[in-house]
Amino acid sequence: MKYGYFDDAAREYVITTPKTPLPWINYLGNKEFFSLISNTCGGYTFYKDAKLLRLTRYRYNNVPYDNNGKYFYIKDVTDAANTVVWNPGWQPVKTKLDSYECRHGLGYSKFTSSKNDVEAKLLTFVPMNDNCEISKLTITNNKNTAAKLSLFSYVEWCLWNADDDMKNFQRNLSTGEVEVVDGGSVIFHKTEYRERRNHYAIYGVNTKVDGFDTSRDAFLGAYNGPDSPDVVAEGKATNSVASGWSPIASQQINLELAPGESKTFIFTLGYIENPEDDKWEAPSVVNKKPAFKMLDSYKTEEAVDKALKELCDYWDNLLGIYHISSKNEKVDRMVNIWNQYQCMVTFNMSRSASYYESGIGRGMGFRDSCQDLLGFVHLIPDRARQRIIDIASTQFQDGSAYHQYQPLTKKGNSDIGSGFNDDPLWLIAGTSAYVRETGDLSILKEIVPFDNDMSVAKTLMEHLKCSLNFTITHKGPHGLPLIGRADWNDCLNLNCFSEHPGESFQTFGPSEGPVAESVFIAGMFVKYGEEYAQLAELLGDDAEAKRARDEVKKVYDAVLDAGWDGEWFVRAYDAYSNKVGSKECEEGQIYIEPQGFCVLAGIGVKEGLAAKALKSVEERLDTKYGVMILQPAYTKYHLELGEVSSYPPGYKENAGIFCHNNPWVSIAETVLGHGNRAFEIYKKTCPAYIEDISDVHCTEPYVYSQMVAGRDAKFFGQGKNSWLTGTAAWTFVNISQYILGVYPTHNGLSINPCVPEDFGDFTITRKYRDAIYTIDVKTNGSQSGVKKLTVNGKEIEGTVIPYEAGIKEYKVEVIM
Ligand code: BGC
Ligand code: NOJ
């Protein structure tokens, strides 16, 4: 069952009922000012950092789940005896609407709904070059008589630090300050401004208003929620000026519309940071000039439409960088629109703010952001470059790294600390992807601090060396890399038991242990050790490249020696040197991660083990909704394994379908040339392909979720944790670079598709460095293998089109 449909021409997902199985959200903002908005207008706004600079308040763990947002109440008072109140997004009043439609587009959302012949059209977006969210609301009277209406706006301010806001009531209930300007047309939220924080927020509308409220209690009434505000029921704002408690911004606009008449209002929610050198006049006197400048820029419909066009042009341009035209509508839809869009969102948010990540828990993940880069780097290489430097700046001199950092301060988070032994190698992955995309070797020579301390800075290449050496110097008894607190699988805490016998992971948390080893990190080392060697060569350091390759060889051999279980790769060795993910285990006999990653790294391909491993995946882990992370699920808690077995069978890391590593297996299949199987795996978790089962899948049908419940779970097939997942980047890498086969190498684009037999011919346009490649592929019903590659009329050997500066257009013909 579906709850909407894709409108590919408009690049929108159109939701036709507010009652989706879960809130279906969108992200507004592309740079520093962001909002989350659900299909019922729930969500919140922040500047740069969802924890530290939160503009509007959100309530987690609430009933209903999607609670609080930026709302508009429309009260129809045409017939005084039968007034009706409704919202364009249905919530929070939930009046049954005569029509409802929500269109989530790229960086904007649009709502069109109607009740009793009054129609509301709401457009909301963050313009490209300002720190504000615009809501353009048009109300139309479709009755054949005049309509009398009152409109009320509503946002609830968060007192900046969203974490403190939820806890520190003894203070926060006395800090709130607002200032009402222009009779309520503009409301300033200046809590803590007097502390010289030099920032404030505004909520303004481009018209005179008939009243306002800034005290939540005055607006809602002490015993009501946003679903039944007193002021709306009374039809009269109280002009309350908040002092402490919970400040809000609400305006009342009364309007009379002739039959057929429309009126449009523009609301601006903005964030202002005064320039450092701005004269600080006096406590609590806000410099309003920048606020008025901002409001002025969006006071007309033309200005708003122009800003929206800028946003759409921006996306046009970005999505022109990789574009496919094939006979597979769903592939085109995901590749050309939604997958790349999600890659932008994950790049911006890392794992900080979604409807599943509170914005106050996790910030920018080291491994997460490095992987997000893989799907983003082609879009805006300069931003990727800066991100790599920021991430590397949180590394320690021994190569290990803070697992997370705070987006505002860019400082490592010491509460979480380090100890995840895969982290260092992901930095090589991200950097290598950047250099292959851009050819910009200068990044490797950038001086980058360790732990943000410039007194111990080294070049980025030295950082990568520290990454490599970290694995080399942290190996266990089988010559395999030590796992530390965990590797990619956060829940595989194999050292916790040895340190705290008899106690659970939950009590003590993991800490680095001496002996547990990871075959997954070994796979990573083989892959990224080689990518490191290539970077060293590009810098002319052949000796370093050789050293890296020698080390790779050792780990490769260690995997064949101790990491092969007979039919598949072992997952790890626990702190007692017992195998994890082996036929010897009672539960958790096979894990997906080493099968995917070792094979995509090339391990066991020539030895004939790779195909066996993938066959085992197919036989033991595959389901109709995707490939499960492990089998058999852990039915009991294993102290020696940690959090993995804390989940009920079928959920999350305990045998859920962890979408993130499905593309690893799909890529692995392409390494073996298995186009049919690679694509079959791709389709199973691909949002566009499972839109029809939205009632089962539940999460948004336009983006990937982190997890789909596995076969052992009660709700098999149900998605969770949509949006912020490495799945976005990895599936884009999989489909664009491996299945469709356009892979950036240091020397130029390689074209080597691996598609299902019935895929048909396709054309890709790819902007790479400063040239445009038009790539026509004739598949001839084959799954892999390029028979003939012609570039600008000349046939070339191999699959790599040598990049030559100066050539701006490459016409490429591929015959498979
Ligand atoms: C989850 C993991 C997640 C980790 C983050 C665990 O509870 O299962 O998926 O990466 O928390 O700390
Ligand atoms: C989600 C985390 O963000 C990611 O870093 C981790 O690799 C996976 N969970 C698997 O545990």
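Scope of the values below: all heavy atoms of this structure, side chains included, with no hydrogens, waters or symmetry mates. None of the values given here were measured: they were computed from a predicted structure. All ligand and atom numbering here is 1-based and tracks the order in the structure.
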Kindly indicate, with the supporting measurements, whether the criterion side-chain contact (heavy atoms from CB on, under 4.5 Å) is fulfilled by D487 and R571.
CA-CA 11 Å; D487 59 19; R571 177 61 177 86; 2.8 Å; yes

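At the top of the distance list for atom 7 (O) of ligand 1, counting protein heavy atoms only, stands E643 OE2, 2.4 Å. For atom 1 (C) of ligand 1, the nearest non-hydrogen atom of the protein is Y647 OH, 3.4 Å. With hydrogens left out, the protein atom closest to atom 5 (C) of ligand 1 is R362 NH1, 3.5 Å, a heavy atom. When only non-hydrogen protein atoms are considered, atom 2 (C) of ligand 1 lies nearest to E653 OE2, 3.0 Å.
Side-chain contact annotation: E587 with H638, donor-acceptor N/O pair under 3.5 Å present.
R351 does not count as a contact of ligand 1, since none of its heavy atoms falls under 4.0 Å from the ligand. In this structure, Q706 counts as a contact residue of ligand 1, since one of its heavy atoms falls inside 4.0 Å of the ligand.
Outside the 6.0 Å centre-distance limit, the rings of Y591 and F569 are not counted as a close aromatic pair. Checked against the 6.0 Å centroid threshold, Y341 and H104 do not count as a close aromatic pair.
Classified by interplanar angle (parallel below 30°, tilted 30° to 60°, perpendicular above 60°), the ring pair Y44/Y58 is tilted.
For ligand 1, the atoms closer than 4.0 angstrom to any heavy atom of D490 are 3 (C), 4 (C), 5 (C), 10 (O). If you number the atoms of ligand 1 from 1 as listed, the ones under 4.0 Å from a heavy atom of K652 come out as 1 (C), 2 (C), 8 (O), 9 (O).
The distance from atom CG of N489 to atom CG of N661, rounded to the nearest 0.5 Å, is 8.0 Å.
Contact annotation: the side chain of K636 approaches that of E586 to within less than 4.5 Å [non-hydrogen atoms, C-beta and beyond].
A salt bridge links D372 with R351: at least one charged nitrogen is closer than 4.0 Å to a carboxylate oxygen. Salt bridge present: E357 and R362 bring a charged side-chain N and a carboxylate O closer than 4.0 Å.
Contact shell of ligand 2 (protein heavy atoms, cutoff 4.0 Å): R351, R362, R367, D368, W488, N489, D490, E653, F658, Q706.
For the ring pair (Phe, Tyr, Trp, His ring centres under 6.0 Å) criterion with F520, the lone passing option out of W664, Y573, F420, F525 is W664.
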